[in-house]
Novice: 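Here's a structure for you.
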2 protein chains.
Amino acid sequence: MNSGVPASGAAGEPRWLDAEEQKAWRAWLYSSMLLQDRLDRELTQETGISHAYYEILVQLSEAPGRMLRMSQLADRSLSSRSRLSHAVSRLEERGWVRRQVCEDDGRGQLAVLTDEGFTALEAAAPVHVEGVRSHLFDQLSPEQVAAMRSIGETLLRHLVPR
Amino acid sequence: MNSGVPASGAAGEPRWLDAEEQKAWRAWLYSSMLLQDRLDRELTQETGISHAYYEILVQLSEAPGRMLRMSQLADRSLSSRSRLSHAVSRLEERGWVRRQVCEDDGRGQLAVLTDEGFTALEAAAPVHVEGVRSHLFDQLSPEQVAAMRSIGETLLRHLVPR
DNA sequence: GCGGAATAGTCAAGCCTTCAACTACGCTAC
DNA sequence: GTAGCGTAGTTGAAGGCTTGACTATTCCGC
């Protein structure tokens, strides 16, 4: 531990960003914020489904039996337990998801995608994919797409626990 | 208009993502969400300043006279007018920002960074820069950093109005 | 079995963001 | 000068998210 790098917030001269690093950081930050915002807005406007809800529905649709434990669903949709619990309640009100007690574990709940939910997802998917294509893939060269993936995977290895 | 590409949400076979594109898209999306979340949490925990507020303070500190029109500040901090107005009110309560009527334009307001605000920013900056360095630059090769910048700038040209 | 620790999920309070008015001022033309 | 329109910024209500507390259940060691 503590091999030269100070613990975050600890003393030691800050390793400031130089001008080039600043530009790289800002370009990355702003572009990812704006892209996420744009995709979320377009999806919400045209389908009534926010990107967060869309992710939940996608994860359920890809799971065996179209159902997942609440905590697994939370992990896969990058959501906290609490946030997911609220979100599923709202999706339940729309009739797109239904809760079901878990056989194996009395503590657990299963979130199950209903047929109505699957239909709603099918309707939203083309809008989502068109957004990703037009605002992301259509803008980048094949080399940039490859680099984007490599950067993303590198960062994920660092950021994802375990 | 309508040169072969359907207007968003319109008919026409969706241009689905293939498996490689899926992986690139997911890697990018998840890594950027997780990184922003991580930086925001660390900054908030260690300094009491969220990343959104930090951005506002940075923009003010870099402006001439450490002041900006509300709408310019909103644009630069990727914030809606309304959101910024609320945020400035809370920063005012902390004594870090102060509102001032604009001489040239009676409709306008200037947000001015106070000395206390500047001091708070100075205290938070090392924490922020250490986060960006350790979670981003330390993880990537120089080639990846260059690619990240090029991708970000390409996307910004597409996403930013004007 | 049984007591304590860990896990799954929910809930309430408070903060943040969005949306849709709304006020106030400036600009232009008549 | 004043009507009409556009711009700058604020406000309040509604809903989403986070935090921390809380319940219920399971796991583990004895």
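In the text below, chain A, chain B and the rest are named by the order of the sequence lines, each starting its count at 1.
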Novice: Mind checking A:S50 for me? I need base, sugar-phosphate or nothing, with any heavy atom below 4.0 Å counting as a touch.
Specialist: nothing

Novice: Take atom CD of B:E122 as the centre, draw a 6.0 Å sphere, and report whether it contains more than 12 heavy atoms from other residues, nucleotides or ligands.
Specialist: yes

Novice: Let me know the distance between CG of B:D40 and C1' of C:dC15, rounded to the nearest Å.
Specialist: 13 Å

Novice: So B:W28 and B:W25, would you call those rings parallel, tilted or perpendicular, with 30° and 60° as cut-offs?
Specialist: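 Rings of B:W28 and B:W25: parallel, as their planes differ by under 30°.
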
Novice: May I ask you to decide if the ring planes of B:H158 and A:H135 are parallel, tilted or perpendicular, using 30° and 60° as cut-offs?
Specialist: tilted

Novice: Using whole Å, what does the distance between atom C1' of nucleotide D:dA8 and atom CG of B:D104 come to?
Specialist: 13 Å

Novice: Which protein N or O atoms sit under 3.5 Å from an N or O of nucleotides 3-5 of chain C?
Specialist:
none

Novice: Can you give me the closest heavy-atom contact between A:S134 and A:Q139, atom names plus distance?
Specialist: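 Heavy atoms of A:S134 and A:Q139 come nearest at O-NE2, 2.9 Å.
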
Novice: Measure from CG on B:D105 to P on D:dT10 and round the result to the nearest Å.
Specialist: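 Taking CG of B:D105 and P of D:dT10, I get 13 Å after rounding.
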
Novice: How close or far is atom P of C:dC16 from atom CG of B:L78, stated in whole angstroms?
Specialist: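 Interatomic distance, CG of B:L78 to P of C:dC16: 18 Å.
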
Novice: Taking the minimum atom-to-atom distance to the side chain of B:Q109, which one of C:dT18, D:dG9, C:dT10 wins?
Specialist: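 Ranking C:dT18, D:dG9, C:dT10 by closest atom to the B:Q109 side chain puts D:dG9 first.
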
Novice: For B:L110 and for B:R107, find the nucleotide of DNA chain D with the closest heavy atom, then tell me which residue's nucleotide is more 5'.
Specialist: B:R107

Novice: Can you see if the side chain of A:R99 gets near the phosphate of C:dG9 - specifically, an N or O under 4.0 Å from OP1 or OP2?
Specialist: no

Novice: Can you measure B:L73 atom CG to D:dT10 atom C1' for me and round it to whole angstrom units?
Specialist: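 After rounding, the reported distance stands at 15 Å.
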
Novice: With A:R90 as the cation and A:Y53 as the aromatic partner, state whether NZ or CZ is under 6.0 Å from the six-membered ring centre and within 45° of the axis.
Specialist: no

Novice: Using a distance-only test with no angle check, is there a side-chain donor-acceptor pair under 3.5 angstrom linking B:Q72 and B:R76?
Specialist: yes

Novice: Rounding to an integer number of Å, can you tell me how far B:D37 CG sits from D:dT18 C1'?
Specialist: 11 Å

Novice: Can you figure out which of D:dT7, D:dT18, D:dT11 approaches the side chain of A:S80 most closely?
Specialist: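 Closest of the options to the side chain of A:S80: D:dT18.
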
Novice: Could you tell me whether a side-chain N or O of B:S32 sits under 3.5 Å from a main-chain N or O of A:S32, the two making a donor and an acceptor?
Specialist: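 No.
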
Novice: In whole Å, I'd like the distance from the CZ atom of B:R81 to the P atom of D:dT7.
Specialist: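 Roughly 10 Å, once rounded to whole Å.
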
Novice: A:Q100 has an atom CD; how far is it from atom P of C:dA8, in whole Å?
Specialist: 18 Å

Novice: Name the residue closer to the 5' end of DNA chain D, choosing between B:L84 and A:A87 according to the nucleotide with the nearest heavy atom.
Specialist: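 In this pair, the answer is B:L84.
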
Novice: Could you go through nucleotides 13-16 of chain D and list every protein N or O atom that sits under 3.5 Å from one of its N or O atoms, giving the distance for each pair?
Specialist:
{"residue": "D:dG16", "atom": "OP2", "partner": "A:R90", "partner atom": "NE", "Å": "3.2"}

Novice: For A:L43 and A:I49, work out which heavy atoms get closest and say how close.
Specialist: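 The answer is CG-O, 3.3 Å.
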
Novice: Think A:S71 has a side-chain N or O under 4.0 angstrom from the OP1 or OP2 of C:dG9?
Specialist: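 Indeed, a polar side-chain atom of A:S71 lies that close.
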
Novice: Where do A:S79 and A:L84 come nearest, in terms of heavy atoms and distance?
Specialist: OG-N, 3.4 Å

Novice: Show me the protein contacts with nucleotides 20-23 of chain C, counting only N or O atoms at under 3.5 Å.
Specialist:
none

Novice: Does the distance from a Lys or Arg side-chain N to an Asp or Glu carboxylate O, for A:D138 and B:R15, drop under 4.0 Å?
Specialist: yes

Novice: Between A:R69 and C:dG9, does any side-chain N or O lie under 4.0 Å from OP1 or OP2?
Specialist: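 So the side-chain polar atoms of A:R69 do come within 4.0 Å of the phosphate oxygens OP1 or OP2 of C:dG9, strictly under.
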
Novice: Would you say the side-chain atoms of A:H128 and A:E42 include a donor-acceptor pair closer than 3.5 Å?
Specialist: no

Novice: Quick check: closest heavy atoms across A:L39 and A:G131, and the distance to 0.1 Å?
Specialist: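 Looking at all heavy atoms of both residues, the shortest contact is CD2-C, 3.4 Å.
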
